[in-house]
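In what follows, chains carry the letters A, B, and so on, assigned in the order in which the sequence lines appear, proteins first and then strands, with residues in each chain numbered from 1.
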2 protein chains.
Amino acid sequence: MDLPTVRDRFTALRDALPGVGIFYAVKANPTPEVVELLAQQGCRFDVASPNEIDLCLDRGARPETISYSNPIKKARDIAYAYERGVRLFVSDSEHDVRTVAEHAPGARVMLRILVAANGSTYPFGKKFGCTPEMATDLLRLAAELGLVPLGVAFHAGSQQLDPNGWDAAIADAALITAKLRAEGVELTTVNLGGGLPAGYREQPRPVADYAAAITASLRRHFGDAAPEVMIEPGRAIVAEAGLIRSEVVLVAKKSYADEHRWVFLDIGRYGGLAETEGEAIAYPLRTDKDGGPVGPVVIAGPTCDADDVLYQSTHYELPLDLRAGDHVDLIGTGAYTSSYSSVAFNGFPPLATYCVR
Amino acid sequence: MDLPTVRDRFTALRDALPGVGIFYAVKANPTPEVVELLAQQGCRFDVASPNEIDLCLDRGARPETISYSNPIKKARDIAYAYERGVRLFVSDSEHDVRTVAEHAPGARVMLRILVAANGSTYPFGKKFGCTPEMATDLLRLAAELGLVPLGVAFHAGSQQLDPNGWDAAIADAALITAKLRAEGVELTTVNLGGGLPAGYREQPRPVADYAAAITASLRRHFGDAAPEVMIEPGRAIVAEAGLIRSEVVLVAKKSYADEHRWVFLDIGRYGGLAETEGEAIAYPLRTDKDGGPVGPVVIAGPTCDADDVLYQSTHYELPLDLRAGDHVDLIGTGAYTSSYSSVAFNGFPPLATYCVR
C-alpha cells in the first residue's frame, strides 16, 4: 500500500466535494496505517462491525466521526458501539430501528432505501435497503422512539461508472425529506453511500465529473433546501494505492492444440483476489518481461479449486517468454483484497500487507 | 466437528473400497484433530501445499502416505516436500514434470488428465489436467527423466452424484496404461481423485453404490490387469461431521408487499460458507423454533457485501416466529468451510473450529 497515494486520493475527493462529509468504508482496506493516515487527514469512517470501530478508535479516529453503516447488526454490537461513543447508525428495518432505540438511546439514525443500480459493476441487489414508503414510516418511528431521524441513505452500487448513477436515489431521498418536512419531521442529511469508482484496466472519468453530477442532482432535487451530505467511498480512496506482487508458479498448455497458455500465479481468488469472481474487476498487470512479444493467456490461482481461475473470458495477453519464477504485479489492488483472503485454504497463508510511506 | 463421525465415514469408505488407498483431501478440512484421527486410522493424505505437508507430518502421518496432488507447485515447494520425505507427486504439464525430476529425483509421478465431469455439482472445468495424448507423452518423459511413471490421475468433479461419473475417465486411464505397456512403460496405479459426495439437503446414494460402480468400471476397462487404486475423498469423509451454529442477526421485510422474509445470519459467504456461491450446496438447517408454522425466506450473511447472500433462488422455509438472537444450525458443514473463512472481511473474525470427541 502506497500511503501517499491514499492521501492524494482522499484530498482529491475532499477538494472535489467541498462541504461533503467523507466517510471511508473501512471494509475496503482495514490496514491500520491506512486508517491512521485517513484519521489524521480529517476523514471520517463507515464501519461494519465492532472490530472496525475498535480499529478506527485505536488509530486516532474520534467516535463522533464514525457511522455504523451496516444495517445488519446484533443488539449487543449496537450497545458496544454506543458504549464506545458512536452515535450515528444506518438502518433499513423496523427491528433494527427499535434495537438502536433501545441500545443507543437518542442516537442519530439514517434509513437506507432500495435503489436501482444501473451503471454499477457490482449492483447491490436487494440485500440492503427497504422501499421509500417503509423508510418514511421508519424515520417517523425513529422520531417517536426518541432517536434523531437524520435522513435517507442508499448505495448506488459499487464501482459505479455512470456520473448520473446517484441521481434517481437522490430524487427519492428528496421526496422522502419533503414529505416528512410537511409533517414536521426535519431530515437534515442525505447519505450517498459508496460506489465512487477506482481505476482498473478501465479508467473511470475524472472525479470532478462525478462530483459535478452529484452536486447538480442535489441542487435539482433538493432545490434551495440543500441538505448536509455524507458519502462513503472505499475503493476510490485505496484501490489505486495497492500493488500485489505475485510469482508465476507455472506456465502450461493443456493440449498441443491450445491457442492460449495457462499462467498460474501464487495468488488467486482465495488469496485476496475475490473481486475477480465473475471477472468483474480486471486488474492491470505488469511483468518482469514486458516489452517483448505477447500472446493470449488464461490466468489462474494456485489452489486445487477449479473456481480459482481469475481471467478466462476477459482477454489478457502476457509475454511469450514469461516463465515460472517471474513476477506478475497486479495493479490497483488496494481495495477488497487482503481482508478477503482466506485464513488457510489449501494451506496457503493469507495475503500480507506492507505499507510504503 | 464430530470426530466419531469422521472416523465412521472413513471406515465406511475403507470397508466399501477394500484394497483402495484412501488419501484424505486435507483442503476439505485441515483441522489438526481431524488429520490426527485419520492418520491413526491408517488414512493417507492428498495435500496441496507445504503447509499441508507440515500439518500431516506434525499430526502423525508418515511421509510415504502423502501425495502432493496439486499439479501447480513452485520448484522450492517440490524441493521442500522431497526434503520432508514426500515421494509421490501429481503433475499435468511438461514444466512441472521436469521440475519434479530436478527437485524430487526418482519420485513417483502421476499425470492428471482432463475429463468431462457430468453429474458433478462442481465440475472442474479445464484448470487441471491435460489431454490423454499429452499425458501419455509426459509419462514417457517422466521415465526418461528418472522418475517412476506411476499412472494416470483425474478428478471426476466435486460432489459427483452419479455413480458412473468415474467411468469415462477410468476408460481413458486404461487406454493410456495399455498404450504405454505396449512400449514397455508399466503404469501400476490409477488415481480416481476426489468427488465422492456427501449428504446435504439432497442425500447421495449409499457409498456402496459408488464403490460398486467404480469397481465395475475398473474391471471393465482394465480387465484382469487390475491396477492399484488411489482415491482422494474430502467432503465424503468430513462434511457430515460438521455443524455450524449461527445466530440470527435480523429478520426483516424490504417492503410491505414482500412475500418472503430476509433472515440475516452471523455467518455468510465470507465467514466460511463459500460453497453457497451460485447456491451450489444447500445445507440442511435446524432452528430453536422448529415444529411450528414456517414461511419462505431469503437467507443472507452479515457483511456489507451484496454478494453475501446464501440462498435466494433455492427455496427455504423457516419458522414464522424466528427472531434475532435465535440459533440456526447449518448441518453438514464439515467440508470447505472454516479454511475458506476470510481473515477479517468487514471486521468479522474467521470461523473457529471446536472438536467433539
Would you say the side chain of B:Val238 lies within less than 4.5 Å of the side chain of B:Thr31, judging by non-hydrogen atoms? no
Just give me the residue among A:Val47, A:Leu351, A:Thr303 that pairs up with chain B most often, heavy atom to heavy atom, under 4.5 Å. A:Thr303
Kindly indicate whether the side chain of B:Phe348, heavy atoms from C-beta on, has any atom under 4.5 Å from the side chain of B:Pro302. yes
Pick whichever of A:Asp77, A:Asp92, A:Leu250 has the most heavy-atom pairs under 4.5 Å with chain B. A:Leu250
Find the one option among B:Trp262, B:Phe264, B:Tyr340 whose heavy-atom pairs under 4.5 Å with chain A are most numerous. B:Tyr340
Once you round to the nearest 0.5 Å, how far does SG of A:Cys304 lie from NE2 of B:His155? 8.5 Å
In terms of heavy-atom proximity below 4.5 Å to chain B, should A:Arg323 be classed as side chain, backbone, both, or neither? neither
Is it the backbone or the side chain of A:Asp308 that comes under 4.5 Å from a heavy atom of chain B, or both, or neither? both
Leading residue by heavy atom contact count with chain A [cutoff under 4.5 Å; candidates B:Ile53, B:Asp96, B:Asp266, B:Leu114]: B:Asp266
Taking A:Ser69, A:Pro30, A:Gly129 one by one, which has the highest count of heavy-atom pairs under 4.5 Å against chain B? A:Gly129
Between B:Ser49 and B:Asn51, is any side-chain donor less than 3.5 angstrom from a side-chain acceptor? no
Max heavy-atom pairs within cutoff under 4.5 Å with chain B, candidates A:Ser341, A:Ala48, A:Ala257, A:Ala324, goes to A:Ser341
Contact part of A:Val26 toward chain B, heavy-atom cut-off under 4.5 Å: side chain, backbone, both or neither? neither
Among A:Met134, A:Arg76, A:Lys73, which residue has the highest count of heavy-atom pairs closer than 4.5 Å to chain B? A:Met134
Looking only at heavy atoms and a cut-off of under 4.5 Å, which of A:Val249, A:Asn346, A:Thr131 has the most pairs with chain B? A:Asn346
For A:Ser338, is it the side chain, the backbone, both or neither that has a heavy atom under 4.5 Å from a heavy atom of chain B? backbone
Among B:Ala252, B:Ser339, B:Gly194, which residue has the highest count of heavy-atom pairs closer than 4.5 Å to chain A? B:Ser339
Between A:Asp305 and B:Tyr336: side-chain donor-acceptor atoms closer than 3.5 Å: no
Validation row: B:Pro50, B:Tyr68 side chains within 4.5 angstrom (heavy atoms): yes
Side chains of A:Asn191 and A:Arg112 in contact at under 4.5 Å (non-hydrogen atoms): no
Is there a side-chain contact between B:Phe89 and B:Thr99 in this structure, where contact means two heavy atoms from C-beta onward sitting under 4.5 Å apart? no
For chain A, find which of B:Glu133, B:Lys254, B:Gln312 contributes the most heavy-atom pairs closer than 4.5 angstrom. B:Lys254
Would you mind telling me which of A:Glu102, A:His95, A:Glu94 makes a side-chain hydrogen bond (donor to acceptor under 3.5 Å, both in side chains) with A:Arg98? A:Glu94
Of all heavy-atom pairs between A:Val35 and A:Phe45, which one has the smallest distance, and what is that distance? O-CZ, 3.6 Å
Considering only heavy atoms and a distance below 4.5 Å, find which of B:Ala300, B:Ala75, B:Gly301 pairs most often with chain A. B:Gly301
